[in-house]
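Report on the structure given below.
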Number of protein chains: 2
Amino acid sequence: MRLTTRGRYAVTAMLDLALHGDNGPVALADISARQDISLSYLEQLFAKLRKNALVRSVRGPGGGYCLQADSKDINIAVIIDAVNETTDATNCAGKGDCQGGQVCLTHHLWDDLSEQIHNFLSGISLATLTQQQRVKQVCQRQDESQLNVNIKPEGFQLIETLVAP
Amino acid sequence: MRLTTRGRYAVTAMLDLALHGDNGPVALADISARQDISLSYLEQLFAKLRKNALVRSVRGPGGGYCLQADSKDINIAVIIDAVNETTDATNCAGKGDCQGGQVCLTHHLWDDLSEQIHNFLSGISLATLTQQQRVKQVCQRQDESQLNVNIKPEGFQLIETLVAP
DNA sequence: TAATACCCGACTATTTAACTTGGTTTAATA
DNA sequence: TATTAAACCAAGTTAAATAGTCGGGTATTA
């Protein structure tokens, strides 16, 4: 179980999908705009998510991605694992070959911690999150600011792009 | 709360100290040999541990490092935090300025997770670990193999160095 | 048939951890 | 007092991984 920004991005994108997927497929371009994640990076992540049967794609105009299962049946741990396929089992975290084929002093501790994290995250589904008030609030804010961007003339959008981090 | 190999090294070194600190200060060179951590890297880590009052140093021949407090009063979370002073609060983990000054969609989730991890690790002290049977076993193995290395002629040591990862 | 959107692979920039080098300072001991 | 073993310090270097880019595709459907 590796925790990186990549996993965070994947979870964020999947949550966006769960929140906006009621009316057919969601385009990656929309997720990219709402969540400030580069489009091509999203494409890479969703290729992995699709291979792991977490989403399915609809091609052509009006297409995009849908959740493969019900949002209450997709938990956070599964999403992170899907996106970290290259799990090298960081030194200690994987097999017990941390110290020349043997187990290192703190191997069991990190093993316990990994289990702890995994249990926590696999107990949380996308549905759990979409039902939370605090998530709904952020979602609403993002939708509104997205609306503003669409309304703004092109000149303003340019400035915004330059100013943004 | 960042989880990196640096934190793992620090905890491993501190545990080694807890296990071998009964007879006066422990030299970093010994920890380096037992735990396969480069000496100068250990020096850097212990500089931070010392600044955070987790260890105290004794200079000169026969010197080394001692735990500043009783091993039952030093928990794992404190060690990791001490060594990760440059806590940039990765994007989301710190303040809620993940998305242009605002909170991003999954901010609260990672916040909850951080708390979960911190609680788990701060509930474990060095003494907790030294009392564990599985830790004692690894410690014993390391002490014995350390003995072997000291007995071997220089030629063998050289080969071992070349073969080791 | 053209626009839309997914798909794919290689490439690059940046960051950071891990490690190295080459010293200086301190104190025990022979 | 000279030697030695240890902590201390400050750079620089290497290697790996992440985040992101670019330029091409290919399938779908309005």
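Quantities reported herein were computed from a predicted structural model and do not represent experimental measurements. So you know, we letter chains A, B, ... as the sequences are listed, proteins then strands, and number each from 1.
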Nearest of [options] to any side-chain atom of [X]?
X: Tyr65(A); options: dC7(C), dT20(C), dG20(D); value: dC7(C)
X: Ala27(B); options: dT21(C), dA6(D), dC6(C); value: dA6(D)
X: Pro61(B); options: dA6(D), dA5(D), dT28(D); value: dA5(D)

Taking only side-chain nitrogens and oxygens of [X], does any of them come within less than 4.0 Å of OP1 or OP2 of [N]?
X: Ser57(B); N: dA6(D); answer: no
X: Arg6(B); N: dA17(C); answer: yes
X: Tyr9(A); N: dT18(D); answer: no
X: Arg50(B); N: dA7(D); answer: no

What is the distance from [atom1] of [X] to [atom2] of [N], rounded to the nearest Å?
X: Leu39(B); N: dT21(C); atom1: CG; atom2: P; result: 12 Å
X: Ile80(A); N: dT18(D); atom1: CD1; atom2: C1'; result: 16 Å
X: Leu45(B); N: dC19(C); atom1: CG; atom2: P; result: 10 Å
X: Gln44(A); N: dC7(C); atom1: CD; atom2: P; result: 13 Å
X: Glu43(B); N: dG12(D); atom1: CD; atom2: P; result: 18 Å
X: Asp30(B); N: dA5(D); atom1: CG; atom2: P; result: 13 Å
X: Tyr41(A); N: dA13(C); atom1: OH; atom2: P; result: 18 Å
X: Leu42(B); N: dC19(C); atom1: CG; atom2: C1'; result: 11 Å

Heavy-atom side-chain proximity of [X] to [Y] below 4.5 angstrom:
X: Ile79(A); Y: Leu126(A); result: yes
X: Val135(B); Y: Leu15(B); result: yes
X: His20(B); Y: Arg34(B); result: yes
X: Ser38(A); Y: Leu42(A); result: no

Both Val58(A) and Ile37(A) contact DNA chain D. Taking the nearest nucleotide for each, which residue is further toward the 5' end?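 Mapping each residue to its closest nucleotide by heavy atoms, the 5'-most match is Ile37(A).
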
When all nucleic acid strands are considered with a 4.0 Å heavy-atom cut-off, which category describes Ala47(A): base, sugar-phosphate, or nothing?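 Contact class for Ala47(A): none.
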
Using a 4.0 Å heavy-atom cut-off, does Ser40(A) contact any base of the nucleic acid, only the sugar-phosphate backbone, or nothing at all?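 The residue Ser40(A) makes base contact.
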
Looking only at side-chain N and O atoms, does Trp110(A) offer a donor or acceptor that is under 3.5 Å from a partner on Thr106(A)?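 Trp110(A) and Thr106(A) do have a side-chain donor-acceptor pair below 3.5 Å.
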
N-O pairing of Arg134(B) and Asp112(A) below 4.0 Å: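 Yes, Arg134(B) and Asp112(A) are salt-bridged.
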
Would you find more than 12 non-hydrogen atoms of other residues, nucleotides or ligands less than 6.0 Å from Gln140(A) atom CD?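 For Gln140(A), atom CD is not crowded (no more than 12 foreign heavy atoms under 6.0 Å).
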
Leu105(A) versus Asp16(B), closest heavy-atom pair with distance: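 Smallest heavy-atom distance, with atoms named: CD1-N, 4.1 Å.
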
Is it the case that dT4(C) (base atoms only) and Arg59(A) (side chain only) share a donor and an acceptor within less than 3.5 Å, ignoring hydrogens and angles?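 Side chain to base: no pair below 3.5 Å.
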
Strictly below 4.0 Å, heavy-atom distances to any atom of DNA chain D: list the hits from residues 14-23 of chain A, or just say none.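 Contacts with DNA chain D under 4.0 Å: none.
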
